[in-house]
Every structure is written in C-alpha cells, then in structure tokens.
There are 2 protein chains.
Amino acid sequence: MKWDALEEEPCSLARTVAVIGDRWSLLILRECFLRIRRFDEFQASLGITRHLLADRLKKLVRFGVLRRVPYQESPKRYEYILTQKGLDLYPIIMSIVHWGNIHMVDSRGRPMLHEHKNCGKMFDPVMVCSECGEPLTAKAVHVHPGPGARQSSPVHAKAQERAKRGAEST
Amino acid sequence: MKWDALEEEPCSLARTVAVIGDRWSLLILRECFLRIRRFDEFQASLGITRHLLADRLKKLVRFGVLRRVPYQESPKRYEYILTQKGLDLYPIIMSIVHWGNIHMVDSRGRPMLHEHKNCGKMFDPVMVCSECGEPLTAKAVHVHPGPGARQSSPVHAKAQERAKRGAEST
DNA sequence: ATACTACGTTCTATTTTAGAACTGTCAATA
DNA sequence: TATTGACAGTTCTAAAATAGAACGTAGTAT
C-alpha cells in the first residue's frame, strides 16, 4: 500500500495515519508542542537528518498541520508554527505520552510531568464520553457504519460473528 | 536514528512511538479493535504483505501488546489477541480517529460512528484532566521534568525563552 | 492422489532512510 | 576586503525497509 492510498481510505484512522503515522512526524510534533519552531532547532534536538526534516516539514505544511511563517527579512527566514488543526493533535500526543508513562517507564520513573494550569495540579489525561462524561473503554463502545462508509468488509463480518459466538476477549 | 534507540529515549512519547509509530502497526491495531484476530484476516482486510504482517505481529507480541493464543490443535493455529496493555491503547486509537473525523472527512461524512453502550448515545471522545475534570488544551498545560528526565536540552531552553519573549502562538 | 485452508518464510526489485557534504544569503568580524 | 558564522535548506551514495510474488508445511476434505 502506498502512502497516498491511505489518504483515500474510508477510515478516519487511516487518513490520520497518512499525516502523522511515521516515526519522525510524531517526534517533530512533540517538539512543536515543546515550542521548537526552527529548522536547525528541530535538527539539533531530534538528530533527524536534514533531508528528512525538510521533507516532513513540507508534508506537515501541506496537510495544514504546520504553518511556515517568516520571522525575519534578509535573509528571509521561516519558522514552523502549529495551526489550529495542528493544536488539535494534542489529545493524540497526550494519550501517546500517557500510555508510555504507564507501560514504558523504567525504574527511574516518568521523564516528564504535566501540570494543568487551570487547577494547578499534576494530572493524567482521561478520555471520556462527550455525552455522559464517563471514562471510555474499548469494550463499552460499539461501532456503526457512518454516512461516509463503504460497504462493510466480509472479513470484518466474519470476525464479528466468530467473536460473538466465542467466549471472551477484546 | 535506529528504532531500537527510540525505546531507550527518556521520553514516553518516543518509547511509545517505538511500539506503534509506523504505518502498519496502527492499522493492525485498528483491526484488533474491530475483532480481527487471525493472520489471513489481517492480510485480507489490510492488504499488507504477508512478510510485513508476520514481522509486525511478532513485534507487537514482543512488546506485550498482543498475545499469541492457540485456537486449535492439529494443525496448531494461533490468533492474536489484545492484552490489557494493548487494550490500553484505545484512547490513542480513538483520539486518532476523532482527529480524522474532524479534519480529514470528505463530503460524504464520517466513515464510522461510535456508540457508548453505557449511555446509548453516539459520542465523540473528550480528553479531560484527571484532577479537575476539565477538557484539556495544549495551552493550559505546563510541562516539568520528572524523576526519569535527563538534563534539559539547551535547544529547548532557548526555544522556551524565545517563546516567552515573543508574542503569540503554540 | 489432489485440492484446499491456514500460517507463515524466502526471494528479488523498488522505495525510503541515514549520513555526510554541499549551496546560497546575509551579518558580523578581522 | 576577506573570512567566518548562522540559518535553511538541497544533493549525493550506501544501507535499510518495503512491496509483490512465489514457495513451504501441516493438516483436513474429496
């Protein structure tokens, strides 16, 4: 499968993966949320090759996640700023960080703590239902095809059936 | 940078990216949450090459995200089931889907809708603070080094300073 | 025997990435 | 005036990852 094909898939996950689903894009976005904005800063803090950095920044700009903004004339220099679309990636970044905090820390503990300015406390992110406010788990969610769906795949139907008959899990 | 180096980084995001930060792993996990469990089912529904599928499943098992469970003897056959560690990825998957729903849908609308069994309504996921329950935004969060941190990078310090002096954004 | 199912492995060609060097513009310094 | 340095990329070659197809294996069914 080509990257471009991902964008066309009738699946919001696949389309998002087309934007941020590679090793470097997520790390670049982490730096953006840590207020890194300039080419050489990204390069220095990530150790990414300049070649790939240029490529990924272009891609993120093309998708409207970053904006390339001039910060000086002569010589003209640009920095890369998160757009609203980019800022909206924050829940993704935070849930990735949180999973790492729970499942990937070593004996020394978390590399980073997060303080919520509103309440002044160190927090963890919690994902809740927009309708009832309860925390969400995979098992409490049922999926339906939406208006943008393509006819449901036979393999999924078969798996659903088997899962219903079978005992436990996922 | 090598993939193995990512696991060692003092950053929960980088360590999580080492597990799920490639095109296929996230798509495989999507299928897991849609109750796909068997090799040929993954292959059929994703169009991934058998080579890479075998490789990624091994990796996800190695990281403890999936469990390889026999479902029949003679010939011995296995299926791949999400562990608790894997189920805990749900907020990541849901926030990725939600961003796609908001920013990547075409005119036909969402490919998929989610129903919360607890309240019976179609919902969107919302990320809130574990301490005060308010929705989280990037600007309302302040980061601190944690016990597992390495000394803060000069480039980050520089960027922070510049960001404080400067006017708006991120 | 032959075909079929399920789960991989192996092979070659293509694409992507790593790593280093190079380019162009301008400002500051010697 | 010549040199150095900062910044933002581009270009090059070698190494690694991926795509696509074929092959292997172990059992059941015809």
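For clarity, every value in this text was computed on a predicted model and none was experimentally measured. Order of the sequence lines sets the chain letters (A, B, ...), proteins ahead of strands, with each chain counted from 1.
- At C:dT17, one or more side-chain N or O atoms of A:Arg56 fall inside 4.0 Å of OP1 or OP2 (strictly under the cut-off).
- For the pair A:Arg38 and B:Pro75, nearest-nucleotide mapping onto DNA chain D gives the more 5' position to A:Arg38.
- Look at NZ on B:Lys59: it is 11 Å from P on D:dA17, rounded to the nearest Å.
- At a cut-off of 3.5 angstrom, counting only N and O atoms as typed in the model, there is a donor on one side and an acceptor on the other between the side-chain of A:Arg50 and the base of D:dA8.
- In this structure, A:Gln72 places its CD atom 15 Å from P of C:dT25, rounding to the nearest Å.
- Atom NE2 in A:His51 sits roughly 15 Å away from atom P in C:dT15 (whole-Å rounding).
- Salt bridge A:Lys158/A:Glu161: absent, no basic N to carboxylate O contact under 4.0 Å.
- For the pair A:Leu57 CG and D:dG9 P, the interatomic distance rounds to 7 Å; values are reported in whole Å.
- Listed nucleotides: C:dT9, D:dG9, C:dG19. Nearest to the side chain of A:Phe39: D:dG9.
- C:dT23 atom C1' lies 14 Å from atom CG of A:Asp40, rounded to whole Å.
- Across A:Glu131 and B:Met122, no two heavy atoms sit closer than the pair CG-O, 3.3 Å.
- An OP1 or OP2 oxygen of C:dA27 is reached within less than 4.0 angstrom by a side-chain nitrogen or oxygen of A:Ser74.
- Counting all heavy atoms, side chain and backbone alike, B:Leu6 lies closest to B:Ala18 at CB-CB, 3.9 Å.
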For ring pair (Phe, Tyr, Trp, His ring centres under 6.0 Å), just list the numbers for B:Tyr90 and B:Phe33, CA-CA rounded to whole Å, side-chain angles, deciding distance to a tenth of an Å, and then say yes or no.
CA-CA 8 Å; B:Tyr90 195 64; B:Phe33 281 106; 5.1 Å; yes
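- For B:Lys76 and A:Ile48, each mapped to the nucleotide of DNA chain C holding its nearest heavy atom, the one lying further toward the 5' end belongs to B:Lys76.
- Put simply, B:Lys58 has a side-chain N or O that comes within less than 4.0 Å of OP1 or OP2 on C:dT9.
- In this structure, A:Leu27 atom CG and C:dA18 atom P are separated by 11 Å, rounded to whole Å.
- B:Glu79 and B:Arg38 are joined by a salt bridge, as a carboxylate oxygen and a charged side-chain nitrogen come within less than 4.0 angstrom of each other.
- An OP1 or OP2 oxygen of D:dG9 is reached within less than 4.0 angstrom by a side-chain nitrogen or oxygen of A:Tyr80.
- Along DNA chain D, the nucleotide nearest A:Asp55 and the nucleotide nearest B:Asp22 are compared for position; the residue whose nucleotide lies closer to the 5' end is A:Asp55.
- Residue B:Phe42 is out of contact with every strand shown, counting any heavy-atom pair closer than 4.0 Å.
- Taking the side chain of A:Tyr71 as heavy atoms from C-beta on, and the options D:dC12, D:dC7, C:dT9, the nearest nucleotide is D:dC7.
- Taking atom CG on B:Leu53 and atom C1' on D:dT18, their separation rounds to 14 Å, with Å as the unit.
- Under a 4.0 Å N-O distance rule, the pair B:Arg77/B:Asp40 does not qualify as a salt bridge.
- What separates CG of A:Leu52 from P of D:dA8 is a distance of 18 Å, to the nearest Å.
- Of the side-chain N and O atoms in B:Arg68, one or more sit less than 4.0 angstrom from OP1 or OP2 of C:dG8.
- For D:dA8, the base has no donor-acceptor partner in the side chain of A:Arg77 [N/O atoms by modelled type, under 3.5 angstrom].
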